[in-house]
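Everything on this sheet refers to the single structure shown next.
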Amino acid sequence: MLSEVQNWARFPRSRSILIPVNSQEQEIPFDRLDVSFLPHGMGRSLGDSCLNDGNALLTTRGLNRIIAFDADRGRLVAEAGITFDAIMRLSIPQGWFLPVTPGTRFVSLGGAVANDVHGKNHHCAGTFGHHVVRFSLRRSDGSRLICSADENAAWFRATIGGLGLTGLIEWVELQLKPVANSSIDSETIRYGDIDEFYALNEESVSRYDYAVAWADTLSGKGLGRGLFIRGNHNTDPERRERKAPAGPYVGIPGVFPFSLLNRGTLKIFNSTFYRARPSRKKAVVPLGPFFYPLDSIGAYHRIYGPRGMIQWQGLIPSREAVREVLTASTRVGGSFLTVLKVMGNRAPAGLMSFSGEGVTISLDFPHSRNVLETRPRLDDIVAAAGGRLYPAKDARMSGANFRRYFPQWQELLPFIDRRFSSSFWRRVTAK
Ligand SMILES: Cc1cc2nc3c(=O)[nH]c(=O)nc-3n(C[C@H](O)[C@H](O)[C@H](O)COP(=O)(O)OP(=O)(O)OC[C@H]3O[C@@H](n4cnc5c(N)ncnc54)[C@H](O)[C@@H]3O)c2cc1C
């Protein structure tokens, strides 16, 4: 029976046969169902790479046990459906934090590997995949591969960032990062335009583990102006509190009948947010608000209304193209949240990893025809600059652009499980 499945953007809509996988021993009906299969973690992706419309999803929320935790070395082995939230509830009280984390803690371990997610520390820590020691990959032919940098190394590289297509990751061994407590020494700096952003980033990357910026793309004043946020883990021996992030604190009760976000409300929000901050503010803050500000509002995506939202995230190698994207995004009609991050130059952990050298810009739009018609222009700027779009956030890049962004895509083909597929993969590889 097909059930409706949503990603975090609530676009596109999709229906699948749901097959909960609750243990590693569980039989999966690969031979009994004449459909393709795709693992599905927490559905926090904002595109169709976690969807398999008309086919089956192997849902992993029940595959969520801790298998082993060495609190002396910070080595964790856990089943792939466990969330970052659950990992932190175990590890932070014992002095260990995630080596890399995206902007929400409600992602699964398997989903983080399959998208090779990045965080605010890409410039010094690379991506999540750089911290994965090994994992078990279950294939539809009944085989299991233990994959690491030394064992089945090609499978290891293909599965990190492999979009769930190489098989079901059953468990992952991960190296965590030591922390003295659960606080961050943070600093927020108001900056006037994109050149100031680059200058701030340059002075920050050698001194701060985390650096990111929120930009106002609506006011038309100071291209890319915004708030630069940087931080390090607090090391004060007097500060002993080791608490995992909590919340959400604000619930969004249902889907709004229309989008609350229009150009008018967005413009006021962006200007007020920018001006209300002091030009420079230092604070010691808990991990939660620093890493996961959006998690404090439950299902925040519902404020985008019944048609959902479109998120666009590109990796843009040149400063000129960054300017072009920011200028074009202002014209598109407004991004509620624009996030900029300069990435480091570490070689990607996975064959199809999104991250690489350049600036990533992520833009949020309420879903509308206007965005659907205008967005390809942004895609083309990225393609011309030699960058790429993030499949985890995409529901509509063209197949032609996908092949330009990921010229190595055919190298993934030998590793794709013959029974696995996704809505994303069918869309971008269709002739
Ligand atoms: C508020 C918010 C902030 C975010 N911030 C960031 C960010 O800063 N950086 C970033 O990189 N991403 C970010 N993301 C995107 C998110 O981190 C990724 O989409 C992540 O992969 C979602 O994990 P999931 O468990 O929800 O996986 P899903 O969305 O369910 O699936 C993602 C992919 O993983 C595959 N998969 C899932 N489980 C398995 C498994 N067991 N075996 C094999 N494949 C599997 C799926 O097939 C799919 O291809 C953000 C998302 C949100 C909602």
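Atoms within a ligand are numbered from 1 in the order they appear, just like the ligands themselves.
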For a 4.5 angstrom cut-off between non-hydrogen side-chain atoms, does Ile184 reach Leu287?
yes
Taking the side chain as every heavy atom from C-beta outward, state whether Trp312 and Ser329 have any pair of such atoms under 4.5 Å apart.
no
Residue portion contacting ligand 1 (non-hydrogen atoms closer than 4.0 Å) for Leu38:
side chain
Is Ser108 touching ligand 1 with its side chain, its backbone, both, or neither, if touching means heavy atoms under 4.0 Å apart?
both
To the nearest 0.5 Å, what is the distance between OG1 on Thr104 and CH2 on Trp8?
7.0 Å
At what distance, to the nearest 0.5 angstrom, does CD1 of Ile310 lie from CG of Leu363?
11.5 Å
I'd like to know if Arg134 and Glu151 make a salt bridge, using a cut-off of under 4.0 Å between side-chain N and carboxylate O.
no
Could you tell me whether Arg32 and Glu27 make a salt bridge, using a distance below 4.0 angstrom between a side-chain N and a carboxylate O?
yes
Proximal ligand 1 atoms for [X], defined as those under 4.0 Å from one of its heavy atoms:
X: Ala392; answer: 19 (O)
X: Trp8; answer: 53 (C)
X: Gly41; answer: 25 (O), 28 (P), 30 (O), 37 (C), 38 (N)
X: Leu163; answer: 47 (O), 49 (O)
X: Pro102; answer: 5 (N), 6 (C), 7 (C), 8 (O), 9 (N), 10 (C), 12 (N), 13 (C), 17 (O)

Please determine whether any non-hydrogen atom of Gly119 lies less than 4.0 Å from an atom of ligand 1.
no
4.0 Å heavy-atom contact, Gly167 with ligand 1:
yes
Identify the heavy atoms of Phe415 and Arg139 that sit nearest to each other, and give their distance.
O-NH1, 3.0 Å
Using distance alone, with no hydrogens and no angle criterion, decide if Asn52 and Arg426 have a side-chain donor and acceptor under 3.5 Å apart.
yes
Are side-chain N/O atoms of Asn234 and Ser183 paired as donor and acceptor at under 3.5 Å?
no
Angle between ring planes, His122 versus His118, binned at 30° and 60°: parallel, tilted or perpendicular?
perpendicular
Measure the acute angle between the ring planes of Phe37 and Phe30, then classify it against the limits of 30° and 60° as parallel, tilted or perpendicular.
perpendicular
If you measure from [atom] to every heavy atom of [options], which option wins on shortest distance?
atom: atom 48 (C) of ligand 1; options: Ser49, Ser136, Ala114; value: Ser49
atom: atom 21 (O) of ligand 1; options: Thr59, Asn115, Thr159; value: Asn115
atom: atom 15 (C) of ligand 1; options: Glu170, Lys393, Gln313, Met42; value: Lys393
atom: atom 19 (O) of ligand 1; options: Ser45, Ala80, Cys50, Gly47; value: Ser45

Say whether [X], considering both its backbone and side-chain N or O atoms, lies within less than 3.5 Å of an N or O atom on ligand 1.
X: Leu168; value: no
X: Tyr390; value: yes
X: Gly111; value: yes
X: Arg44; value: yes

